[in-house]
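Order of appearance sets the numbers: ligands from 1, and atoms from 1 within every ligand. Note that the coordinates shown come from a computational prediction; the quantities given were computed from them, not determined experimentally.
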Amino acid sequence: MVLAESTEDAEIVGREEELGALARFIDDIDRGPAGLILEGEAGVGKTTLWRAAMRMAETKGHRVLATSGAPTETTLAFAGLVDLLGTVLNEVLPRLPMPQRRAMEATLLLSESKRPPTGRVISAALLTALRELSTTGPVLVAIDDVQWLDTPTANALSFAIRRLRGDRVALVFAIRSGERAALSLDLMRTPFADRVSRMELRPLSFGALRRLLLTRTDLRLTRHLLRRIHDTSGGNPFFALELARALARGNTPPEPGEPLPVPADLRLLLSDSIAQLPSATRDALAVAALLARPSIEAISSATTGSADDLRPAFDANVIEVAEGAIRFVHPLIRSVVYAQMPAADRARWQRRLVDIVSDVEESAHHLALVSFVPDEAVAFRLESAGDHARRRGAPLAAAGLLEHALRLTPEDQANERARRSLAAADAWVDSGDRRRAAALCEDVRRTIRHGPLRADALQRLADKDNAQTVAQAIAYAEEALREAAGDHRREVDVLLRLATLRHFRTEWHAAVDCATKALRVAEAAGDLDATASALTALGMYETFLGVGDPARHYRRAIELEGQVAAQTASSGIFGDPYWAPQTMLSDWQRKNGELDEARLLLDRQYQRAVEAGDEASRMLLCVHLAELETTAGSFDLAQRWNDEAMALADETEAARRRGLVLSSIAALEAYRGNLQGAGELAQQARTIADAFGDELLVAKTRAIRCFAELTAERYDSALTELGPSIEHPVLSVLPIAGDGIEALIGAGRTAEARKPLDELARYSERTGLRMFRLLVLRCRGLLSAAGGDVEGAIETLEDAAVLSAEIPLPFERARTLLALGQVLRRGKQKRRAREALDEAQAGFARLGARRWSERAAAELSRIGGRGPMRWELTPTERRVAQLVAEGLTNKEVAGALMSSVRAVEANLTRIYAKLGVRSRTELAHVLGGMKTS
Ligand SMILES: Nc1ncnc2c1ncn2[C@@H]1O[C@H](COP(=O)(O)OP(=O)(O)OP(=O)(O)O)[C@@H](O)[C@H]1O
Ligand SMILES: [Mg+2]
């Protein structure tokens with residue numbers, strides 16, 4: 001079949017400027033990601049320029065990945081992705097990490113999969129594919145009619161483009177004016193937004209249109225006729241060409257002054273030309289308009305006609321052949337054909353298509369649209385198709401099909417209805433509509449009185465993101481547990497959910513109880529996967545209480561996971577890389593000073609999260625890594641992890657987790673000595689924690705503010721900041737406990753320090769964690785010193801120093817040496833005090849812990865026979881000292897001296913050291929004494 005006037009290589013008229021801009025755009029891909037959006041009314045020539053861009057890129061040897069959105073009612077999930085990657089798949093697949101490769105194969109139906117791909121793994125796979133391809137040369141991603149691109153592809157692409165950095169990937173989108181496409185908005189919000197431009201296509205000039213009609217039609221054109229066509233079409237080339245064709249069909253061209261003998265409306269014009277076609281051809285076109293990928297075979301089977309029926313449509317330039325399928329030369333023609341089709345005809349064709357179309361989901365879609373009365377067989381078929389969609393990672397499509405299945409399930413089939421409701425609920429959760437999911441589960445809860453389906457509904461309702469309150473969630477979970485009795489997998493899932501809910505209420509004894517029961521059930525059933533999940537949960541909650549043997553649980557869980565390695569991503573709530581036994585074990589190891597081992601484990605989990613496109617886990621792992629590097633004293637590395645976590649938090653808009661990241665940044669700033677910044681960040685985190693009722697995070701932010709005050713030796717306010725946490729049976733044994741106890745001692749409330757210290761000591765003994773042992777020794781030493789027992793203090797702090805030399809916790813070591821140096825100085829052991837303080841000061845300085853380093857320096861300067869001498873102050877120091885003694889704040893002093901708060905603080909530190917004072921009050925005393933003497 002010969003293509004009448006293929007538009008592919010027809011000359012482009014009147015777009016010199018636009019083509020120049022396109023050429024520059026293509027030339028520029030080498031310099032990193034960029035985007036171009038072609039915009040304009042229907043038929044103005046967007047597709048034409050879009051194709052030109054692709055040709056230019058191909059000529060330069062660039063790789064082009066292309067797809068066009070289609071305005072069909074059956075838009076197949078990931079149809080766009082299939083187009084984009086179709087030609088490069090063989091090259092790309094082997095270069096994807098395993099989880100991405102597997103997901104990609106399932107999504108593109110190259111292989112079967114049992115479970116739906118998790119997280120944004122498809123999106124991550126697309127990103128990897130683009131990056132990999134761009135390593136060998138620039139890549140152009142060209143999408144026409146982006147407003148009709150299927151949603152899953154658009155989402156995946158949106159994910160990928162927001163993460164392009166230096167990659168040589170350019171995007172060119174065409175979009176009809178007035179249409180909206182989230183993807184093109186996303187393109188303008190990418191990090192390379194300054195390299196994204198829009199090109200608005202205007203109507204063609206009279207001259208250009210004349211040239212267009214001369215080259216593309218046989219019409220004998222008088223200047224008068226040309227003028228009429230230009231006016232009527234408004235310079236729209238597609239409209240103009242259709243007008244010319246219609247005029248050519250008529251016998252006599254209109255006389256000057258006569259109206260054009262054809263409709264002056266593009267749609268009517270198109271209707272007219274379709275109406276001219278034989279009725280068999282029109283039937284064939286109608287079927288084509290209904291199909292996602294119209295093929296001649298499918299059309300002929302549905303119409304029971306022959307391939308020849310389509311010939312008049314080719315001749316009239318209504319359809320053309322592209323990549324084995326036929327397509328309408330213009331989307332407007334398709335919509336006109338579709339709109340013209342009487343509803344009865346549409347239903348008739350669709351009923352036939354159900355058995356002709358080979359794609360399971362498309363066929364089901366046609367079936368759904370022609371089914372109105374409940375019918376179990378139909379419902380079953382739709383359910384299977386929904387399941388199919390879900391397994392290849394198209395939850396939205398799945399949800400749609402499952403809702404139809406539900407609608408078509410007979411009223412009296414309660415179990416079928418419930419099963420389909422729950423399946424739809426899961427699909428809705430995956431596609432982000434928790435509300436609809438909860439409503440469906442509620443239906444099941446109302447209609448099913450007993451048994452596993454009720455348990456499943458309750459279990460889903462007990463998700464703390466679904467339930468109104470945690471108490472309500474717990475009530476649901478407890479009922480679910482009764483309904484699940486005897487079914488081990490369900491029981492374990494529910495028990496672990498209950499444990500999490502208890503954890504959120506800081507009820508760790510109850511949490512440990514639930515996890516222990518879950519473990520027993522899982523073990524009895526011989527379910528390795530479930531056993532591993534239960535062990536992980538148990539270890540985590542035991543850690544809070546300091547009971548049991550968490551490290552052993554984690555190690556066993558890891559071993560079991562190895563045994564079920566066939567499916568690495570285990571099911572249940574502990575399946576993601578964050579809630580993995582490896583992550584939990586790494587935290588344990590960090591607290592035990594086994595930093596290298598901990599880092600290995602975390603890096604691996606981090607890698608898993610990246611490969612799975614699981615950004616929620618990845619963000620949490622970044623926070624863990626930041627904490628680890630802070631502990632290891634690599635503050636710069638820690639900051640990089642924090643930065644990444646923050647970028648991910650911005651990306652995923654997870655407000656609650658943003659609080660966690662803020663607190664992590666605050667902690668690091670506090671260590672670095674930026675106390676004010678740390679306090680403010682912690683406050684921001686606190687606001688978020690309060691809003692979500694996240695008590696653990698509240699405690700963490702309080703601890704950070706406490707530490708900041710402690711650093712500045714403002715002990716009373718450190719205690720105010722810490723608040724009730726010091727009394728809390730569990731929170732008081734978190735690493736923050738050391739600071740609380742030190743603040744109590746510093747504030748002179750030594751008697752009160754005893755109880756939390758004993759608590760901490762017991763926790764440290766029970767767990768054997770070396771970080772806690774060190775804290776206990778240091779606090780004991782400080783307490784002895786405060787009680788006047790300098791000898792005892794020296795002894796204990798020397799033990800602490802020995803322990804701190806064995807474990808790689810540089811900050812804690814320097815802090816221990818500082819405490820030791822202080823008591824040695826008080827014990828008049830000048831030489832040894834100087835050694836300890838020298839090392840402490842150097843340690844803090846190496847870390848970049850400014851304030852602590854200053855404190856150590858101040859202590860150092862107090863050793864040595866020289867007493868405080870006023871003439872040692874420089875003129876600036878003298879001025880600062882006076883103003884401070886007068887009661888001005890640092891900020892006010894800075895204002896008065898036109899200096900910075902930081903400079904004032906530094907001066908003040910030196911002043912304190914030189915004068916041997918420790919507070920503003922002391923300073924005022926000393927200066928007062930000097931004046932009167
Ligand atoms: N500058 C041009 N030179 C030559 N032919 C053109 C030009 N612009 C458009 N055409 C012709 O006009 C017709 C419509 O153009 P095109 O399909 O590119 O429009 P569009 O803007 O993509 O429309 P839609 O929004 O409906 O997709 C095509 O036959 C095309 O060949
Ligand atoms: Mg177009």
- Is there side-chain contact between F238 and I333, with at least one heavy-atom pair below 4.5 Å? yes
Which of the atoms of ligand 1 are close to [X], meaning less than 4.0 Å from one of its heavy atoms?
| X | answer |
| --- | --- |
| T48 | 8 (N), 9 (C), 10 (N), 15 (O), 16 (P), 18 (O), 30 (C), 31 (O) |
| D145 | 27 (O) |
| E41 | 21 (O) |
| E11 | 3 (N), 4 (C) |
| R216 | 5 (N), 29 (O), 31 (O) |

Checking the side chain of [X] only, and the main-chain atoms of [Y] only, is there a donor and an acceptor separated by less than 3.5 Å?
| X | Y | answer |
| --- | --- | --- |
| R63 | S134 | no |
| K46 | F173 | no |
| D231 | R228 | no |

- Message: If we set the cut-off at 4.0 Å for heavy atoms, which region of L212 has an atom near ligand 1: side chain, backbone, both, or neither?
- Response: side chain
- Would you mind telling me if ligand 1 is within reach of the side chain of K46, the backbone, both or neither, using heavy atoms under 4.0 Å? both
[atom2] on [Y] to [atom1] on [X], rounded to 0.5 Å:
| X | Y | atom1 | atom2 | answer |
| --- | --- | --- | --- | --- |
| F206 | I229 | CZ | CD1 | 9.5 Å |
| L171 | L140 | CG | CG | 7.5 Å |
| R245 | N317 | CZ | CG | 4.5 Å |
| L85 | L81 | CG | CG | 4.5 Å |
| L133 | T128 | CG | OG1 | 10.5 Å |
| D194 | F192 | CG | CZ | 9.5 Å |

- Task: Examine ligand 1 and decide if any of its atoms is less than 4.0 Å from a heavy atom belonging to P331.
- Result: yes
- Message: Is R51 close enough to touch ligand 1? Criterion: a residue heavy atom under 4.0 Å from a ligand atom.
- Response: no
Under 3.5 Å: N/O of [X] near N/O of ligand 1:
| X | answer |
| --- | --- |
| G45 | yes |
| P237 | no |
| G43 | yes |

- Note on the structure: Protein-side N, O or S atoms sitting under 2.8 Å from the Mg ion (ligand 2) are T47 OG1
- Which heavy-atom pair separates L93 from M104 by the least distance, and what is that distance? CD2-CG, 3.9 Å
- Task: Please report the shortest heavy-atom distance between H62 and I29, naming the atom on each side.
- Result: CD2-CD1, 3.9 Å
